[in-house]
Participant: 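A single structure is presented below for examination.
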Amino acid sequence: MEVLLVGNPNVGKSVVFNRLTGVGTISSNYSGTTVDYLRADMMVNGKKVTFTDLPGIYSLTNGTEDQLVAAKMLHSANPDCVLVVADATRLEPSLVLIFQLIELGYPILVAMNMMDTARKRGELDVVKLSKILDVPIVPTVAVTGEGMEELLKALDTCAARRSDFKVSYDSHIEAYLEVMKLGIAEAELKYPVRGASIKLLEGDEQFTEGVPKDLPVQVRKLREEFRKEHDEDLEVHINRDRYGEAGRIISEVSRPNVQPRTRVQRLSDLTMRPRTGIPILIAVLAGVLLTMIKLGGFLDETLLSLYSDVVGSFFSDLANAIGGELGIALASGLDLSIQAILSIVIPYILLFYLILALLEDSGYLPRVVVLLDGVMHKIGLHGQAIIPMLVGMGCNVPAILATRVIESRRERLILGTIIVMAVPCSAQMAVIIGTVGNHGGVLYVMAILAILLGLVLVLGRLLHKALRFEPTSLMIEIPDLSRPRADNVLKKTGMRVKEFFVIAFPILLVGSMALELLNAYGWLDKLVEPLAFFTEGFLGLPAILIIALIFGVLRKEMSFQLLVVLFGTANLSAVMTVEQLFVFALVMATFMPCMSAFAVMVREYGIRDSLIMTLSSIVLAFSLGGLANFLFGVL
Amino acid sequence: MVSENIEEYLECIWELTQDGTPARTTDIAKKMKVSPASVTEMMQRLDSLGYITYEKYKGVTLTDSGKVIGETIKRKHRLLERFLVDVLGIDKEKSHDEACRLEHMLSDESERRISEMMNHPKTCPDGDPIPAMDQLCARKDEDSSVLSQMSEGEEGVISHLSCDDPQKIRRIIAMGFVPERCLTVEEKLPMGGPVLVQVGDCRVALAKEYADLVYVNTKRRCQKRQRHGAE
C-alpha cells in the first residue's frame, strides 16, 4: 500500500512521518525544511505500507523546485491513500489543498494536526468537518504522538472510498465546466472530469492525461476571453471561490475564543519590528559566536584533560605490547583519533548543531529572513537565502539542498557559490577556533570571520552583476514563535552529528595510522618535499601541512585532526607560529568543498558549474593564504 | 500593418525626443544614415499618416499613435538585445544588429513571455532603460489601494489582483492572497524590505514586487474570526 504524506509547509508532516515510521527525518519550525521526498516501509496490521514524506506545498499548481518534487510524486505514485496533514490552527490553506486533492479524485485521510494549540484557541468540531468534507479525519498532536495509532487504523478506510464533496464555483466557471464535460470521454481519463477541467481552467496542464488534444488549446482561448471580460485571471476567481468555501466551512465547524495576547506573541512582535528586531538579531548572533568560542574552548580543554587522566599510560603500554614501529603507529593513531573527536566534534560541531536546532525550532529564523531581506537584495539575493546560509554553518550538504527553496536558478547559483566559498561549515569553524582561536586569541577568529563576511558581500555583488536575469523577490510565511522541545532538538542534533562518529571516525582512524606508519619509516617527508616550494615558499607553512590540506578535501575537520597527528601533539603553538596557524585556518575556511558537498553540488547545479565553483574556491583559498603570508612578512 | 521602414523612423524619433525637445531632421538623417532630403520627404509622409507633427525649423514630435509604435519597437529592441546577450550568449555588437531585424517581427505575446522568463529586465545591455509594457489589465476600483502602498496597521478586504504576470500571480494565489479575504498590514520593513501581512490566520512577508499586484479595498471592514486576540 502506497501512502503519500501531503500538506502545506510547516504543518508537521515530517513529525507525523517520524512518529508513524520511526525513521529519522529533520523537522524544524519553518517552511521548507523538507525539500526532497523520503520513503519508509512499515508493516501495518500484517500489510506492507510504504510511506512517502513530501515537501510542503501551498498549491498543486506551480511553485518552487521543492514544491514541484511533491507535485510530480502525486502524479507518478498512484497512491492508495493521500494522508493530508492539516494544521488545525491555520485551517484555510489546508482546506484549500484538500479541495484540490478531492477534485482530482485522490483517496484522502486527514491528520488534523496541532490540535493541542487549536483546542486552547477555541472549539473545532472535527466530526462535523469530516461529514462535510466526506473524508475521515483523525485529530493528532504529532509532537506528542497523540492520534498516531488511530491514523494507522484509518488507513484502510482511506483507501476504500473517495469523497463526493464539491466546491461550488461561481456560475461563470460552472458553465465552463459544463461545456468542457461534453468534450471529454470519462473512461480514458486518469483524473475525474471535473478535477481535470478545473486544473485546465486554472492554466495547469499537468493533469490532462487522456484529455482530447485540442481541449487545452480551446481552454487557453477561454482563459484569454475571461481575462478580457473580467480584467482578472480565471485562476484568481477559482481560488477566490475555494477560499470562500473554506471560510464558510470553518465558520460552521469552529467557535474561536477571544484570547488575551500572550507573552510569546508580544515577544514575536518585538523580533520583527526593525527598531527592536535588529538589536535582538545582533545580540543573538553575538551570543551564538561567543558560546561557540568560550563554551567550545572550555569543553575542548576539559574533555582532553579528562581523557588524558582516564587513559593514563594505556596507549604507550599498548604500543609496547604490539611492539616496534607498527605498535607505536597503531597505538598513537588510535589515541590521536579519539583525541580529535573529543577536541573537535563534541565541543564545536555538536555544540553548533544544538544551537542551530534551538534556533530552528523556536521559529526565529524566518524573522531573520524578514529583517535582512533589504540587505540581501544588495548582493542579488533575497532574505530567504539566509536560512540555507545558516544551515551551511552546520554542514554545506543540507545547505546546498536547502537552496531549492529559492525559485530562480540564478539565485540558487549565487547562493551555492557563497555557501561553498564563504560560509564556514561547523567543521571549518572548528578548524578556525581550534587552531588560531585557541592558540592566537579571539581577535584572529574575528579577523577570519570578517574576511569571510567581506567575501560574502563581494562574491554576491560580483555574481549579481555577472549573472543573467533580474533578481526575484521574497515571499515567506512567518510561523508563530514556539518553545523548542527538548526531544526534537536532541534527536535532530544526534542525527546530524552521528556521521562524524560512524563515517568520519573510521576514515580518520585508518588515515592517521597510515600516516603514523609513513612517518615512522621516514617516508612522509619525501612525499611532501616536491610541493614544499608551494607550502613553504608561497604559504609560509611547514611542508608537511600539504597532507592536512589534501585530507581536508575528504572531510574538513580532518585537516585539523591531522595537524595533531602529523605533529604528534595537540599543543599546536609549540610547533607553529600564530601567523602560520592564521594562514592555515584562512585557507581551510575558503578551500574547496569536501567530497560529500561536491557530490551534492553536482546533483543540484550540474558538473560544469560545480567544477567552476570548486576551482575558483581553490584559487581563492590559496590566493588569500598567500596574500596573508605576504602581508605578515611585510609587517 | 506599419512598414518596417516607418517603424524604424518612429523608433529613431522616439529616442531623439526622450529629452523632451523635438527631434531635428539633421539628427534623424545622421542616425538613420540617409540624406537630409529623404528624411524631409519621409517626415512629410509620416505627418500625413498622423504619426508625427512636423514643423520646419522647429523639428519633429510624435503624436500619441506614433509614440506607441516608436516606444514598442524600442522596447522590443532593448529586450531582444538583453535576451540575445544574456540567454544566448551572443556578443553585444552582433546583438544590436540582430535585434534591429527581429524587433519588427516579434509578436506582443512572445515579447511578454521573454520578458517574463527573464523576470522583466529593466535595462538593455548598454544600461539604457527598457520602457515598461502596457498593463494587460487596467481594472480600476476607486476604493482600492495597492497593498504595497498601504500603511502599517491598515486593514481591508482584497478586491482584485493585477493580472500582468501570471507566474507571480500564481505564487501569491498559492499563499492565500485571493479576493474577498481580509488582510492587515503589520509592518513595513525598511531598506526595500518586505511588507508583513496578516492574511486569515497566516502571517506572510512579501516583497514589494508581489505586494504591487494585490489590490485591497480599505473601506470594507472584515468580519474577524478572532485568533490572535487583541489586547
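Proteins come first, then strands; the chains are lettered A, B, ... in the order of their sequence lines, and each starts at number 1.
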Participant: By a 4.5 Å heavy-atom criterion (distance strictly below it), what part of A/R275 contacts chain B: side chain, backbone, both, or neither?
Facilitator: neither
Participant: Is it the side chain or the backbone of B/V178 that comes within 4.5 Å of chain A heavy atoms, both, or neither?
Facilitator: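 For B/V178, the side chain is the part near chain A, not the backbone.
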Participant: Could you tell me whether the side chains of A/Y58 and B/R171 share a donor-acceptor contact shorter than 3.5 Å?
Facilitator: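 No, no side-chain donor-acceptor contact under 3.5 Å.
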Participant: Within a 6.0 Å radius of atom CG on B/D91, are there more than 12 heavy atoms belonging to other residues, nucleotides or ligands?
Facilitator: yes
Participant: What option among B/E152, B/E187, B/K208, B/K188 has the most heavy-atom pairs under 4.5 Å with chain A?
Facilitator: B/E187
Participant: Need one label for A/V369: side chain, backbone, both or neither, based on atoms under 4.5 Å from any heavy atom in chain B.
Facilitator: neither
Participant: Which residues pass the side chain to side chain donor-acceptor pair (under 3.5 Å) test with B/D19, sequence neighbours left out?
Facilitator: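 Once residues adjacent in sequence are excluded, the partners of B/D19 under the side chain to side chain donor-acceptor pair (under 3.5 Å) criterion are B/T21.
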Participant: Please state whether the side chain, the backbone, both or neither of B/I158 comes within less than 4.5 Å of a heavy atom of chain A.
Facilitator: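 Contact with chain A involves no heavy atom of B/I158 at all.
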Participant: Mind ranking B/G176, B/A211, B/P194, B/G193 by heavy-atom pairs under 4.5 Å with chain A and telling me who comes out on top?
Facilitator: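 That would be B/P194.
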Participant: Under 4.5 Å, counting heavy-atom pairs only, tell me which of A/D87, A/N239, A/L97 racks up the most with chain B.
Facilitator: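 Max contact count across the listed options: A/N239.
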Participant: Exactly one of B/L213, B/L147, B/I169 should register a side chain to side chain contact (heavy atoms under 4.5 Å, CB included) with B/L161. Which one does?
Facilitator: B/I169
Participant: Do B/S151 and B/E154 have side-chain atoms, one donor and one acceptor, less than 3.5 Å apart?
Facilitator: yes
Participant: Between B/I173 and chain A, which part of the residue has a heavy atom less than 4.5 Å away: side chain, backbone, both or neither?
Facilitator: both
Participant: Decide whether B/N217 and B/S144 meet the rule of one side-chain donor and one side-chain acceptor closer than 3.5 Å.
Facilitator: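 Note: B/N217 and B/S144 side chains miss the donor-acceptor criterion.
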